[in-house]
Amino acid sequence: MSPESTFYVTTPIYYVNGRPHIGHAYTTIAADMAARWHRLKGDNVFFLTGTDEHGQKVLEKAVERGMSPQEHVDDMVQHWKASFGKLEIQYDRFMRTTDADHIANVTSVLTHLHEKGLFYKAEYTGWYHVGDEIFVTEKDIEEGKYDRSELSEISESNWWFKMSAYQQQLLDKINSEPDFIQPEGRRNEVLGFLNTKTLTDLCISRPKSRMSWGIELPFDDEFVTYVWFDALLNYLTGTGYTADGTGTPPSGFDSWTDLWPANFQIIGKDILTTHAIYWMTMLMALEVPLPKTLFAHGWWVSSDGQKMGKRHGNTIDIDLLVQEFGVDAVRYFFLREIRFGNDGAFSYDGFMARYNADLANDLGNLAHRAISMTTNWLGGVVPEYEAAVANEDELKVLATQVVKTYNESIDAMRFDTALEALWELVKAGNKYIDTSEPWKLNREGDLAKLRTAKRVVLEICYLAATLLMPVIPNKSRELLTNLGRNEFAAKDYLKLLVSGAPVGLDALPAGIPLTYGDPLFPRHKELPQAIQKLFEAPKVEEKAAEPEPEVKLSKRQRKEAERAERKAKELAYQQPIDVDHFKHVQLRAGIILSAEAHPNADKLLVVQVDIGEDEPRQIVAGIATKFSPDEVVGKKVVVVSNLQPANLRGVESQGMILAAGATDVVDLVSVDAEPGEVVR
RNA sequence: GGGCCCGUAGCUCAGUUGGUCAGAGCACCCGGCUCAUACCCGGAGGGUCGUAGGUUCGAGUCCUACCGGGCCUACCA
């Protein structure tokens, strides 16, 4: 196979510990749609998805369950495979990071990069949570996941990847290729990051003494590979890539270079940075081409039309939707409702409305009435084209146009546009029935015209069923069967369609028998009981749920809480406080003994302040924009001495120096007093 | 604190580089048809395109400020 006709698409590999939810389903359905479409077109497709199975949390969970980590992930992975099965995901490889070939390939990459001198060993100092055995970031603390009081600052050696070396190269790449990161908003986000931040190096190891569940570093057996580094490499190891060139490509491909660079790497926008920065610099270090497109899609959020219930928060119960509406409807909805890449508002009512309008009323009913009339009046076989009845030629032009738009839109991941275009034809089919008035032709016994009238509509159904194979695979097959066709025939038809030839609406062989089956998509007059229950249940459970501490706030809820807190604080700031409040703040006079620039920040100074204690206090102060280190040495200052210590860009700060200036520093607050004197 | 994005009919969303761009679908109302899943077809109503300025012969479409929502990111100690 020549590389031109291959199509390689990936989803992230999902963290095996969790359960599949709408976010995973959405990504994977979209990738599956693209993969199926290209398979049908005859491309040599490779669709890679899977699970990420190493790391701290997996190990913890395994211990909790009294299992080995491998037993645990072997068990958990079943949920994922089952879920993808229910969603009709036709992947070519389900990558597990515990797969032997992945481990071997990652190992080869690590060896290679180490030999190239792109790794180095260095100390890392950070906040560590002993109970959870993990390093906690400042962000985690800000988000309230951890309280500083339960953390200790520790140092440990680790291996680092020289990611910082690739900043300019990556910037150039993104600047020169507008379609590299899509949609544009995400591209801007990455550019903004790269333009304003200095890339740091990436820690790629964990000491086994602390965390052993991972791929051992081939050059230092005291460490395992950090999960992200391991996981990201799956996209490449899945192609059979190894650094030494001895890997085995998937069957049907001669070499990993047949597949790589991937055509599309689809991710959710939450892991944009990891992919756009970490992954791309890793590839640059390997001197491997970057994927053609990294596509970050948006989220589904609940719309306000419906209360989704406290218990169900903003979740969309995809299993329930599949159960009540069928997997085809679910796939159709998520691909059709919004532009892939944007956020969208979800409601069950909206889902049902879309289902009824597009699938039941428009498409399902079109097929049903067409086959019904043909069965009742024309013996239930595909009729010949005979006398012209209405605007058959216009329909052919429209169909040709629709096929073109459909094809082009899918290539650009604009599934909504593709389906919208196809529905123009479906609607035109319904209109054509009205215009051709077959019931009248039947009454008048004008069989020549009646045959044409029916043939045209059956052809539209055939065209729709064919184009919809990657979207609604089951219903599409059912419709094809009812039309006396199978998927092989449809696949040939599809190839003909996308070749760009004018659509003649004459693809069905005359005389083949039709099947008048049940409606494809039964109409729902109201939301299924099982879904309605979602909205009733909370009332009963609300009370019981209340005392439950807010263990698992969604990210969104957390943000809202933060915002509320900030507002409250702002308000509080304007309110008078009583004197006891103020007394909580311990202020001491001090004198700056020495000062130096912060090693990794240009607005900060690191100063040593004598406040009358045995040891001087080290304080990181944001005053470098106004003062040089030399200027502040010897200055008398006022220090907040009972402030929680904080780590600012890697340097501990044990207090705060009072300064004047709301935004920019104007001057330091100074008192003429001995160091240690209380300021009140 | 810095940056990015969004705010268009009751609802969900389209609106390329400024010039029939004020749209589609759903919902609602009126009319038609009867093959069909109370469906389909036709038609009407409905928006000063978040607010206020500005650039332009002309702006949802560009600029500025503000309000509201989302996201990313911080060198506040």
Side-chain angles (χ1 to χ4, degrees), chain A residues 138-139 142 183-193 195-198 269-270 272-273 298-299 301 303-305 336-339 342-347 349-354 356-377 416-417 420 423-424 427-442 450 453-454 457 516 518-525 555-556 559-560 563 598 600-605 619-625 639-640 643-659 663-664:
Chain A
E138 286 295 320
K139 199 175 172 186
E142 271 175 35
E184 199 185 343
R186 298 300 148 206
R187 174 176 183 261
N188 291 339
E189 192 178 313
V190 177
L191 281 175
F193 186 97
N195 278 322
T196 56
K197 310 281 180 309
T198 305
K269 65 183 184 182
D270 57 327
L272 177 64
T273 306
W299 294 142
V301 298
S303 75
D304 253 322
R336 167 64 184 88
E337 188 71 0
I338 59 161
R339 173 76 34 91
N342 292 358
D343 288 346
F346 177 89
S347 73
D349 280 333
F351 183 96
M352 186 174 74
R354 175 67 74 183
N356 279 336
D358 291 7
L359 296 175
N361 298 347
D362 285 350
L363 177 65
N365 193 233
L366 176 72
H368 204 242
R369 61 199 302 215
I371 295 176
S372 166
M373 285 185 268
T374 313
T375 301
N376 293 333
W377 304 333
D416 63 323
T417 310
E420 192 179 12
W423 251 253
E424 269 184 54
K427 286 166 190 288
N430 276 317
K431 184 166 184 167
Y432 176 80
I433 292 180
D434 240 53
T435 316
S436 58
E437 298 182 298
W439 43 88
K440 199 178 279 181
L441 297 173
N442 179 54
L450 181 59
K454 285 306 95 194
V457 181
Y516 184 29
D518 292 331
L520 282 178
F521 296 98
R523 189 178 164 80
H524 286 263
K525 290 191 182 67
K555 202 175 176 186
R556 185 188 175 82
K559 288 275 179 194
E560 272 167 21
R563 197 169 29 251
H598 191 293
N600 196 24
D602 47 50
K603 288 184 182 171
L604 297 180
L605 292 185
I619 294 174
V620 178
I623 55 175
T625 48
V639 170
V640 181
L643 206 59
Q644 183 84 250
N647 190 323
L648 294 181
R649 289 230 137 188
V651 175
E652 184 175 37
S653 181
Q654 304 161 331
M656 173 172 152
I657 294 175
L658 296 189
T663 51
D664 298 325

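Being a predicted model, the structure only gives us computed values, none of them experimental. Chain A is the first sequence line, chain B the second, and so forth, proteins listed ahead of strands; every chain is numbered from 1.
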Non-neighbouring partners of A/Glu420 that pass side-chain hydrogen bond (donor to acceptor under 3.5 Å, both in side chains), sequence neighbours left out |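 With sequence neighbours excluded, A/Glu420 shows a side-chain hydrogen bond (donor to acceptor under 3.5 Å, both in side chains) to no residue whatsoever.
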Whole-Å distance between [N] [atom2] and [X] [atom1]?
| X | N | atom1 | atom2 | result |
| --- | --- | --- | --- | --- |
| A/Trp423 | B/rA14 | CH2 | P | 19 Å |
| A/Lys269 | B/rG3 | NZ | P | 20 Å |
| A/Leu363 | B/rC40 | CG | P | 12 Å |
| A/Asp518 | B/rC39 | CG | P | 18 Å |

Looking at A/Asn356, does any N or O in its side chain come under 4.0 Å of the phosphate oxygens OP1/OP2 on B/rC39?
->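 It does not, given that no N or O in the side chain of A/Asn356 lies less than 4.0 Å from OP1 or OP2 of B/rC39.
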State whether A/Arg339 places a side-chain N or O below 4.0 Å from either non-bridging phosphate oxygen (OP1 or OP2) of B/rG15.
->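 Result: yes.
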Would you say A/Asp343 and A/Lys269 make side-chain contact, with heavy atoms under 4.5 Å?
->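 When only atoms from C-beta onward are counted, A/Lys269 and A/Asp343 do touch, with a gap below 4.5 Å.
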Could you tell me whether the side chain of A/Val620 reaches within less than 4.5 Å of the side chain of A/Leu605, counting heavy atoms only?
->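 Sidechains of A/Val620 and A/Leu605: no contact.
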If you measure from the P atom in B/rG46 to the same atom in B/rG23, how many Å do you get, rounded?
->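 Straight-line distance between the two P atoms is 12 Å.
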B/rA36 to B/rG45 separation - C1' atoms, rounded to the nearest Å |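 The same atom, C1', in both gives a distance of 29 Å.
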Just the atom pairs and distances: protein N or O near nucleotides 42-44 of chain B's N or O, under 3.5 Å.
from, atom 1, to, atom 2, distance (Å)
B/rG42, OP1, A/Lys431, NZ, 2.7

Does a side-chain N-to-carboxylate-O contact under 4.0 Å join A/Arg336 and A/Asp416?
->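 Here A/Arg336 does not pair with A/Asp416 in a salt bridge, since their nearest N and O are not under 4.0 Å apart.
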Of all the nucleotides listed ([options]), which has the minimum atom distance to the side chain of [X]?
| X | options | value |
| --- | --- | --- |
| A/Thr273 | B/rA14, B/rG70, B/rC72 | B/rC72 |
| A/Glu189 | B/rC71, B/rU73, B/rU37 | B/rC71 |
| A/Asn188 | B/rU37, B/rC13, B/rC5 | B/rC5 |

Taking both distances under 3.5 Å as the test for a Watson-Crick or G-U pair, what stems of at least three pairs does RNA chain B have?
->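 Paired runs of 3+ in RNA chain B: B:1-7 with B:67-73, B:10-13 with B:23-26, B:29-32 with B:40-43, B:50-54 with B:62-66.
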Of all residues at least two apart in sequence or in a different chain, which pass the ring pair (Phe, Tyr, Trp, His ring centres under 6.0 Å) check with A/Trp377?
->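 Partners of A/Trp377 under the ring pair (Phe, Tyr, Trp, His ring centres under 6.0 Å) test: none.
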Would you give a per-nucleotide map of nucleotides 22-30 of chain B, 5' to 3', where B means the base has a protein non-hydrogen atom under 4.0 Å away, S means only the sugar-phosphate does, and - means neither?
-> ----S----
Would you tabulate the nitrogen or oxygen pairs shorter than 3.5 Å linking the protein to nucleotides 34-36 of chain B?
from, atom 1, to, atom 2, distance (Å)
B/rU34, OP1, A/Arg443, NH2, 3.3
B/rC35, O2', A/Ser372, OG, 3.1
B/rC35, O2, A/Arg369, NE, 3.1
B/rC35, N3, A/Arg369, NE, 3.2
B/rC35, N3, A/Arg369, NH2, 2.4
B/rC35, N4, A/Arg369, NH2, 2.8
B/rA36, O3', A/His368, ND1, 3.3
B/rA36, O2', A/Asn365, ND2, 2.5
B/rA36, N1, A/Arg369, NH2, 3.3
B/rA36, N3, A/Asn365, OD1, 3.1
B/rA36, N3, A/Arg369, NE, 3.2

Verify side-chain hydrogen bond (donor to acceptor under 3.5 Å, both in side chains) between A/Arg523 and A/Asn365, making sure each step is shown before the conclusion.
-> CA-CA 10 Å; A/Arg523 189 178 164 80; A/Asn365 193 233; over 6 Å; no
Would you mind calling B/rG15 syn or anti? Take O4'-C1'-N9-C4 for purines or O4'-C1'-N1-C2 for pyrimidines, and syn is within 90° of 0.
->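 Nucleotide B/rG15 adopts anti.
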